[in-house]
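All chains are named by letter (A, B, ...) in the order of the sequence lines, taking the proteins before the strands, and each is independently numbered beginning at 1.
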Amino acid sequence: MREFDRLLITSALPYANGPLHIGHLAGAYLSADIYARFMRMMEKDVLFVCGSDENGAAITIRAKKDRVEPQKIVDTYHTLFKDTFEQMGLSFDVYHRTSSALHHETAQEFFMDLFKKGEFIEQESEQFFDATANQFLADRYVMGQCPNCDYEEAYGDQCENCGSSLNATDLIHPKSTISGNIPQLKKTTHWYLPLDKYESWLKEWINNGTVDGTELHRPEDWKNHVLGQCKSWIEGGLNPRSMTRDLNWGVDVPSEINGSEGKKLYVWLDAPIGYISATKKWAEENEKEWEPYWKDDKTKLVHFIGKDNIVFHCIIFPAILKAHGDYILPENVPANQFMNLEGRKISTSKNYAVWVHEYLKDFPDRQDELRYYMIKSMPEQKDSEFTWKGFQDANNNELVNNLANFVNRVIVLTNKYYDGIIPEFDMDMEFESAGEDGLPGFHDGELLALFDLLHELSDHIRAYNFREALKVVMAISSRGNQLLQFNEPWKLVKDEENEDKVKTIMNLACQHVAALRIACRPFLPFTSDKLSELLGLPAIEEKDEFLLMQDNLAEGFPIMEAGHKIGKAFHLFSRLDDKAIEGQLSKLKEMSFEDFKKPTANTSAKKETKSAVAFNDFTKLDIRTATILTAEKVKKADKLLKLELDLGTEKRTVVSGIAEHYSTDEVVGKQVSMITNLEPRKIRGVLSQGMILMAEDNEGKLCFVSPEKPWTNGASIR
RNA sequence: GGCGUGGUAGCUCAGCUGGUUAGAGCGCAGGAUUCAUAAUCCUGAGGUCGGGAGUUCAAGUCUCCCUCACGCUACCA
């Protein structure tokens, strides 16, 4: 096992085009926070960084739609993120942003370094440029004649007829699929990172955890789904990845590089360097060095992310870091899976989510309740489920009934019997152990059992098993409850000769509360503060508290001294009634319903209108009514249906990309609109003689355009 | 379609390199108890381990086929 001097913990940078929802929290933030807080309490040198990802095309699109400047969008969400994280108790040491000057400089410097080292493959290519749309065209937005088989409608990246993969510039008679115009060739330079060149070391690193024979991590410590995904990518063969794009919102490619004009760094390079610039920001503000955290191999780098980000953090970013040469590689990337909500996928675009900032408004001062339930159902190994009923149950049955109640009984009894002074204990006093071995209990033995539980907890956290770790916190509380229940101090206290026994038991019960104050800290920081107050102790600073507690217990010393005066009792958690839960459930329904109504209003604004065409051009199209007679799935294609249609005078076969929207059964018998005079085209080996007209909404959902009432087949539409 | 991960009690999930009667928490049923937010504690019921075939003395755990969910990717608009 490697020994580390310091820990650098990162959480995925949230993208600044929508608010945070519970899935974000469960995926990459709570797990990182638990890990960071715990490690701090183990006296580790921890740096926990995060920030907003504020560059990229989606933000400009969003800005255009809202008719504001992109900066306005990112400012809004950056502020919201920062605020939400802070309120939820996320303990970032720094929360930065990629629109900052510092980030731009950092990313450019990094790019420049790779450039100078000659790591990039610089490709000045002639790429098609659509003058009407004023943009470069990605290969798949260009169509033309295939140079290999002369097929007329080949795409710029691949010809579907002969299957050969192409470059758009290979096409004969190219045209833009955006405007239909003939695109012009324009020179553009992009810089590619040759991932294929790194394949052998990446393979060694992923499979064995070694680079040049030096062990950097143990692959068996990585999660299955993370390793699986990485291996799948490497086995599939790696290709050079463009590190730049023709974009207009982001970090400029350094101007000293020829051909950099109008180019921006692509997200692969931009976003992860956000971790580095955040570290620099922290160093600046705290008068510290940033470099040891990134360049010293005594640093353990851990990325907390969601499963959609695995390849990015396990292949591409490491490749970038290694190409630079000075940087360390991540020791682990404990990616979480996804959290569903009431049986459905969470969706920002469909407005189906529990938004964290709204939760904070609806349930003020209940951050830990949400944290508890999210950790309890964290998608560590597979997708998990958030239900409001589950949230209520966890709160009422576990937090209130078990944890808060145990603490309350101890505080109340200690105040009642000893005026709030923690009583002395008698080492030799025998009582009922909370353990299951049936042997009598002694004070030191019970402390040792507590030590064991805490040890178990720390093992789970180190292995990124946060759900299990959280269970141990509850186990401490349960053990405390057992201790009271088995010994019934409220009965013993009635007889004076039991005085020492009651004192010993109550002292021990207080030790359990004191242990909870520290043990719950990584998960429930607000509760930890409340426990400090109840116990009359200062709030935990997260310096070395867990370690000290463990050391004390191992030596047989109690966590809190007898004679200490504790505080007055109050409730840690309170019940959630059905009303609050039902309110949230109906809110969810309304949200998704409103969204259902919305597209009509939105779509027209969002979709750009096309330029005017001559009436003659329109009449060139022969659009007719037709009824679908049969439908079957096209093999080896998820989205295609092969349809047979009745056009009145003839039957036609059409291949249509609607399989994800309609089943073969529901499609048969439908009357639809169809363009009949498109040149026939072979798709997946089937000749398609026409095209079905579909209406598409904001989210890409499709529906047929059908006559308002049953009509003659083959009727002309105009 | 390809690749990857997962499908274990009503619910949420553990089960490492195959080995005695498959585990936990919550829920449920019965009992004990009253210091405590009618909380707690004890006991119990509940599973043909997605389906099928195979390897083995022995499979939730290995192999193959099928199926469902999710992710990446391809194909389509």
**Message:** Strictly by Watson-Crick or wobble contacts shorter than 3.5 Å, is anything paired with B:G30, and which nucleotide is it?
**Reply:** B:C42
**Request:** Looking only at side-chain atoms of A:His571, point me to the closest of B:C72, B:C3, B:U37.
**Result:** B:U37
**Request:** Please report, rounded to the nearest Å, how far the P atom of B:C26 is from the CD atom of A:Glu398.
**Result:** 6 Å
**Asked** If you check every side-chain atom of A:Ser232, which of B:U40, B:G4, B:C70 has the closest atom?
**Response** B:G4
**Complete:** Of the candidates B:A36, B:C41, B:C70, the side chain of A:Lys416 sits closest to B:A36
**Prompt:** Whole-Å distance between B:C16 P and A:His460 NE2?
**Reply:** 15 Å
**Request:** Assess A:Arg371 against A:Phe523: is NZ or CZ under 6.0 Å from the centre of the six-membered ring, and within 45 degrees of the ring's axis?
**Result:** no
**Request:** Please test A:Lys345 against A:Asp383 for salt bridge (Lys or Arg N to Asp or Glu O under 4.0 Å), starting from the C-alpha separation and ending with a verdict.
**Result:** CA-CA 10 Å; A:Lys345 280 203 261 190; A:Asp383 289 357; over 6 Å; no
**Asked** Looking at B:A14, B:G27, B:U37, which one has an atom nearest to any side-chain atom of A:Glu468?
**Response** B:A14
**Message:** Closest approach to the side chain of A:His225, judged atom by atom: which nucleotide of B:U33, B:C13, B:U5 is it?
**Reply:** B:U5
**Request:** Apply the side chain to side chain contact (heavy atoms under 4.5 Å, CB included) test between A:Glu380 and each candidate in A:Glu468, A:Gln337, A:Lys223; give the one that qualifies.
**Result:** A:Lys223
**Asked** What's the CD-C1' distance between A:Gln485 and B:A32, to the nearest Å?
**Response** 9 Å
**Complete:** To the nearest angstrom, the CE-C1' distance between A:Met378 and B:A14 comes to 17 Å
**Asked** Just to confirm, is there a sub-4.0 Å distance from OP1 or OP2 of B:G4 to any side-chain nitrogen or oxygen of A:Lys223?
**Response** no
**Prompt:** In whole angstrom, what separates A:Leu399's CG from B:U40's P?
**Reply:** 12 Å
